[in-house]
Amino acid sequence: MDIKIKRALVSVSNKLGVVELARKLSKAGVEIISTGGTMKAIRAVGVPVTYVSDLTGFPEIMDGRVKTLNPKIHGGILAVRDNPEHVKQMQENGIVPIDMVVVNLYPFKATIRKKNVTLDEAIENIDIGGPAMIRAAAKNFKFVTVVTNPDTYDDIAKMVAETGGVNYETRKKLAQEAFAHTADYDSMIADYLSREDLQ
């Protein structure tokens with residue numbers, strides 16, 4: 001089953017290639033939703049983009065710790081589109097479907113490799129909203145495309161441009177890669193926090 005991509009949430013730490021991806025998706029008729037820095041980068045090149053806070057009706061708060069942790073985001077990602085009750089609840093709560101999630105995570109590995117990095121600095125580079133969105137989209141791969149690797153941007157954009165969507169096998173493969181990505185990320189954090197020299 002091919003799922004047409006009408007709306008994509010794009011929120012990345014590593015901005016490599018993301019502006020061009022947004023441009024291609026927008027040209028293919030996809031509405032782009034984005035957060036702070038990513039939104040500014042996309043908007044700067046003239047690509048239409050909706051600020052996530054305008055969608056949720058809630059500002060980014062606590063130095064960006066809370067911005068996408070909102071039912072209008074996660075409901076849009078997690079809704080089972082062929083479940084009438086889910087569809088009804090979306091309509092009742094003003095939730096619009098999100099068909100694609102493009103997310104990569106705060107640079108925890110690069111942060112802890114810095115000389116004299118503090119525990120507080122490391123902790124602030126533990127991503128929370130990113131893994132939550134990745135896992136939600138990967139869980140719901142029957143309906144949602146999750147993109148975590150910039151190396152796949154061109155292929156995904158080409159598929160959307162040519163067919164309007166992303167096929168099931170690709171969505172499933174991307175979901176597997178997404179879960180592997182968050183598992184590696186969490187494992188790296190767990191290893192770091194197990195160090196006896198942390199204060």
Side-chain angles (χ1 to χ4, degrees), residues 1-52 55 68 72-83 86-87 90 95-107 127 129-185:
M1 175 173 60
D2 284 2
I3 298 294
K4 298 302 179 188
I5 308 295
K6 297 177 182 175
R7 190 172 291 104
L9 193 153
V10 183
S11 179
V12 296
S13 176
N14 175 5
K15 306 288 191 289
L16 182 67
V18 77
V19 168
E20 190 56 30
L21 173 65
R23 194 196 312 272
K24 290 175 180 176
L25 290 175
S26 181
K27 189 176 179 183
V30 178
E31 177 189 351
I32 309 294
I33 302 160
S34 194
T35 54
T38 307
M39 180 207 66
K40 288 174 186 171
I42 293 169
R43 187 171 281 170
V45 297
V47 174
V49 57
T50 300
Y51 185 31
V52 72
L55 180 71
T68 57
K72 290 205 172 177
I73 299 298
H74 286 274
I77 296 170
L78 281 165
V80 177
R81 314 290 172 79
D82 56 7
N83 180 323
H86 283 208
V87 173
M90 290 176 78
I95 295 171
V96 294
I98 295 172
D99 310 304
M100 178 181 286
V101 171
V102 182
V103 172
N104 57 55
L105 305 176
Y106 291 172
D127 204 322
M133 288 190 292
I134 288 171
R135 289 172 55 80
K139 173 176 178 170
N140 206 23
F141 72 87
K142 181 179 178 183
F143 303 101
V144 180
T145 300
V146 59
V147 184
T148 58
N149 184 352
D151 291 343
T152 65
Y153 287 176
D154 286 346
D155 290 341
I156 297 299
K158 184 179 180 186
M159 192 177 294
V160 173
E162 290 176 355
T163 70
V166 176
N167 64 55
Y168 177 84
E169 285 305 319
T170 300
R171 294 197 308 275
K172 184 179 174 205
K173 180 174 181 288
L174 290 169
Q176 181 272 322
E177 291 175 359
F179 279 120
H181 181 53
T182 56
D184 287 345
Y185 191 77

Value rounded to 0.5 Å, distance of CG in Leu55 from CD1 in Ile98
6.0 Å
What heavy-atom pair brings Gly129 and Asp127 nearest, and what distance separates the two atoms?
N-OD1, 3.5 Å
Supply the atom-to-atom distance Lys172 NZ to Phe141 CZ, rounded to the nearest 0.5 angstrom.
6.5 Å
Any side-chain heavy-atom pair from Val160 and Val166 closer than 4.5 angstrom?
yes
Quick check: do Val144 and Arg81 have side-chain heavy atoms less than 4.5 Å from each other?
yes
Donor-acceptor pairs under 3.5 Å, side chain of residues 18-45 to any protein atom, not counting sequence neighbours: which ones?
from  : atom 1 : to     : atom 2 : distance (Å)
Glu20 : OE1    : Arg23  : NE     : 3.1
Lys24 : NZ     : Asp154 : OD1    : 3.3
Glu31 : OE1    : Arg7   : NE     : 2.9
Glu31 : OE1    : Arg7   : NH2    : 3.4
Glu31 : OE2    : Thr50  : OG1    : 3.4
Ser34 : OG     : Val10  : O      : 2.6
Ser34 : OG     : Met39  : N      : 3.2
Thr35 : OG1    : Ser11  : OG     : 2.7
Thr38 : OG1    : Val12  : N      : 3.1
Thr38 : OG1    : Val12  : O      : 3.2
Arg43 : NH2    : Val49  : O      : 3.2

Taking the side chain as every heavy atom from C-beta outward, state whether Pro97 and Met90 have any atom pair closer than 4.5 Å.
yes
With the side chain counted from C-beta on, respond yes when Lys142 and Asp82 share a heavy-atom pair under 4.5 Å apart, and no when they do not.
yes
Thinking salt bridges, do Glu169 and Lys173 make one under a 4.0 Å N-O criterion?
no
Quick one about Asn149 and Thr152 (side-chain donor to acceptor, distance below 3.5 Å, no hydrogens or angles considered), yes or no?
no
For Asn104 versus Ser13, what's the shortest heavy-atom pair and its separation?
OD1-N, 2.8 Å
Can you tell me how far the NE2 atom of His181 sits from the CG atom of Leu174, to the nearest 0.5 Å?
12.5 Å
For a quick test of reading the model, state the closest non-hydrogen atom pair linking Ala136 to His74 and the distance between them.
CB-ND1, 4.0 Å
Roughly how far apart are Ile134 CD1 and Tyr185 OH, rounded to 0.5 Å?
9.0 Å
Rounded to the nearest 0.5 Å, the CE atom of Met100 sits from the CD1 atom of Ile5 at a distance of 4.5 Å
What is the minimum heavy-atom distance between Ala138 and Ala175, and which atoms define it?
O-CB, 3.6 Å
CG of Asn167 to OG1 of Thr145: how many Å apart, nearest 0.5 Å?
8.5 Å
Taking all non-hydrogen atoms of both residues into account, name the closest pair between Tyr153 and Leu16 and its distance.
CE1-O, 3.5 Å
In the structure I gave you, are the side-chain heavy atoms of Ile77 and Val146 within less than 4.5 Å of one another anywhere?
no
Identify the heavy atoms of Arg171 and Phe143 that sit nearest to each other, and give their distance.
NE-N, 4.3 Å
